[in-house]
Amino acid sequence: MSDNVRVRFAPSPTGYLHVGGARTAVYNWLYAKKTGGKFILRIEDTDAERSTEDSITGILEGLEWLGLKWDEGPFYQSGFINEHIDTAKKLLASGKAYKCFCTKEELDAKREEATRNKADMKYDGTCRNLTPEEISEKEAAGIPYTVRLKVPGDGGSVKFKDEVYGHIEKRYEDIEDFIILRSNGQPLYILSNAVDDIRDGITHIIRGQDGLANTPKQILIYEALGAKIPAFAHISLTLDTKKAKISKRKHGEQVAVHFYREHGFIPWAFVNFLVLLGWSTSESTQIFSKDELIEQFSLDGLNKSNSIFDIRIDDPKFFTDPKAISINAHYIKNMPVEELAPYVKAEFEKDGIWDAEYEGSKKDWFYGTINLLRERYHYTTDFTSLGRAFFSDDFEFEEKAVQKNLLKNDILKTMLPELADKFAAMEGFDEKEIEDIMRAMIEEQGVKAGVLINGVRTAVTGQAVGPGIFELLTAIGKERVIDRLKKVGQLY
RNA sequence: GUCCCCAUCGUCUAGCCAGGUCCAGGACACAGGCCUUUCACGCCUGCGACAGGGGUUCGAAUCCCCUUGGGGACGCCA
């Protein structure tokens, strides 16, 4: 495709990385990968009031976790403020911008009045045609000024082709002379952002659709500066179930990338989910490996309409978008076990039940047990919750399971320890033999197969559900099984 | 109020640009069934949408217009 593609992700560090931002980063990263270009990370930290060190760290960690490696940066916008100011001065000197002596109060009043009269609230151009004399007069009087870009007044329009939305045209008369430099001499985002993109050689600006309205203004800056105008691709927004823009403030942790890391998501599964929120192939493929995604990604597949991130704050069954969960479960179920194992390891370490031998002498057993369990899991955290009894003696008995599978059948109180003795008498502990012994016991005592089987499952794992009983027992191991069966009396 | 954008199942979407093969396909969710010692997995079946109205056309989800609905921008925030 085009050579030397350079894209960027330019978050402002005013909070954690949220799903909307992550999605934007994913598309930028993908486009860079697809075209063999560079993905640049720029932290737009010029809002000293709201930018925090913590959120910078959070954003960096979030991107790393997702596996979105940037090729250059992170650059910090705050380091280039002088360049932004110089640019504004250059624009002033060349007559492309002018000084505006209107005070904030005056402007606020006018805006308020406009709102009241239901009129347009564009800047009225009061200072646009000040004579040099008037300007020197005001300056001499020490009146502070902002710098506004002079929008061409010849009745023309800004035209550009958005890669997603197609041809966009905005008349000059609908664009106000916007401020690029504050009265305190500091630049505004609209200027800084464009200047940084020019300096960083950004060729494609892929950002949220909320930037669409800013685009004509930024193109005007590019033109005033004589810079080459990049390609634009505005992506649809991510909305909540009430169709409001996803925001950190309103939705809290549920929309934070770190929330998904903490809740047992596989990073790539989450990327896979994110990419599907507003993008698709005509084959409607749902699951993509990294290589497949890069291979198939194209700006053409971006959807114009906003999409809903189906978070369900109060749903007990789905704490987030069901599709995200389903994709995550798919990966847990199907990814190579050696790729899954490190995530399981991380969960174990977090819980203090990691055994170094799982990477040594017990590796085969560890992998085998993961394979046994993963079929029914949705999150990597399930290995330390639902699957805990397979790896540790420190596990909980589920109240309901004990009630239903043990307490209801008094006979198990004696049967289970007896079974333990029979197991103890075995030479080995293989599935076939276990099955024979248990079937014989069922026959002998005249109980239903399910009674013994489910009783054993609960006594040994604390749960009512799980893998098939015979492989379950071999996975847990002879000693532990015998021990747990003998202790069943304690539960009555 | 001004300007801009969008509109297919509950959700994500395919199809639209180059009208017929679409009484609209897939995924998730949901319901039922099969499998089964449990729960899952898997497989099968079902439920379920072209916002409304005009036009153009032999024919419209696809093209045009209007209405309605939704979203965004309009800050000396980024």
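Letters A, B, ... are given to chains in the order of the sequence lines, protein chains preceding strands, and every chain is numbered from 1.
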Q: Spell out protein contact along nucleotides 62-78 of chain B as letters: B when the base is contacted, S when just the sugar-phosphate is, - when no protein heavy atom is under 4.0 Å; keep the 5' to 3' order.
A: --------SSSSBSBBB

Q: Would you mind building the protein contact string for nucleotides 32-52 of chain B? One character per nucleotide, 5' to 3', B for base within reach (heavy atoms under 4.0 Å), S for sugar-phosphate only, - for untouched.
A: -----BBBBS-----------

Separation between the [atom1] atoms of [N] and [M], rounded to whole Å:
N: B:G10; M: B:G48; atom1: C1'; result: 9 Å
N: B:U8; M: B:G15; atom1: C1'; result: 9 Å
N: B:C63; M: B:G20; atom1: P; result: 11 Å
N: B:C9; M: B:A24; atom1: C1'; result: 10 Å
N: B:G72; M: B:G25; atom1: C1'; result: 32 Å
N: B:U62; M: B:G55; atom1: C1'; result: 15 Å
N: B:C50; M: B:G42; atom1: P; result: 30 Å
N: B:C17; M: B:C28; atom1: C1'; result: 29 Å

Rounded to whole Å, how long is the line connecting atom [atom1] of [X] with atom [atom2] of [N]?
X: A:His234; N: B:C5; atom1: NE2; atom2: P; result: 13 Å
X: A:His167; N: B:C4; atom1: NE2; atom2: P; result: 12 Å
X: A:Lys323; N: B:C9; atom1: NZ; atom2: P; result: 14 Å
X: A:Lys304; N: B:C4; atom1: NZ; atom2: P; result: 16 Å
X: A:Phe309; N: B:U13; atom1: CZ; atom2: P; result: 13 Å
X: A:Asn303; N: B:C12; atom1: CG; atom2: P; result: 9 Å
X: A:Asp321; N: B:G10; atom1: CG; atom2: P; result: 16 Å
X: A:Asp315; N: B:C30; atom1: CG; atom2: C1'; result: 12 Å

Applying a 3.5 Å limit to both distances, which nucleotide forms a Watson-Crick or G-U wobble pair with [N]?
N: B:A73; answer: B:U2
N: B:C47; answer: none
N: B:U37; answer: none
N: B:U56; answer: none
N: B:C17; answer: none

Q) Checking salt bridge (Lys or Arg N to Asp or Glu O under 4.0 Å) against A:Asp177, which of A:Arg128, A:Arg148, A:Lys150 comes through? A)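 Running salt bridge (Lys or Arg N to Asp or Glu O under 4.0 Å) over A:Arg128, A:Arg148, A:Lys150 with A:Asp177 returns exactly one hit, A:Arg128.
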
Q) Looking at B:U11, B:C28, B:C5, which one has an atom nearest to any side-chain atom of A:Ser326? A)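 Out of B:U11, B:C28, B:C5, the nucleotide with an atom closest to A:Ser326's side chain is B:C28.
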
Q: Starting from the 5' end of RNA chain B, give me the residue, A:Leu302 or A:Arg171, whose nearest nucleotide shows up first.
A: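 Its nucleotide being nearer the 5' end, the pick is A:Arg171.
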
Q.
If we check ring pair (Phe, Tyr, Trp, His ring centres under 6.0 Å) with A:Tyr379, which of these qualifies: A:Phe319, A:Tyr260, A:Tyr331?
A.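 It is A:Phe319; the other options fail the test.
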
Q: With rounding to the nearest 0.5 Å, note down the distance linking CZ in A:Phe309 to CG in A:Leu274.
A: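 Separation between the atoms: 7.5 Å.
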
Flag side-chain contact, heavy atom, 4.5 Å: [X] against [Y]:
X: A:Asp200; Y: A:Phe80; value: no
X: A:Phe297; Y: A:Tyr27; value: yes
X: A:Asp162; Y: A:Leu212; value: yes

Q | Name of the residue among A:Asn28, A:Thr24, A:Thr215, A:Asn214 meeting side-chain hydrogen bond (donor to acceptor under 3.5 Å, both in side chains) with A:Arg207 | A |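 Output: one option passes, namely A:Thr215.
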
Q. Is the shortest side-chain N to carboxylate O distance from A:Lys413 to A:Asp410 below 4.0 Å?
A.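 So A:Lys413 does not pair with A:Asp410 through a salt bridge.
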
**Q.** Pairing of A:Arg42 and A:Glu44 as salt bridge, 4.0 angstrom limit
**A.**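 Salt bridge present between A:Arg42 and A:Glu44.
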
Q: Begin with the C-alpha distance, continue with both residues' side-chain angles, and end with the deciding distance and a verdict on salt bridge (charged side-chain N to carboxylate O under 4.0 Å, His left out) for A:Asp196 and A:Arg8.
A: CA-CA 10 Å; A:Asp196 288 346; A:Arg8 47 67 165 181; over 6 Å; no

**Q.** CA sep, side-chain torsions, deciding dist, call: A:Arg457, A:Leu472, side chain to side chain contact (heavy atoms under 4.5 Å, CB included)
**A.** CA-CA 8 Å; A:Arg457 176 178 292 109; A:Leu472 179 154; 4.1 Å; yes

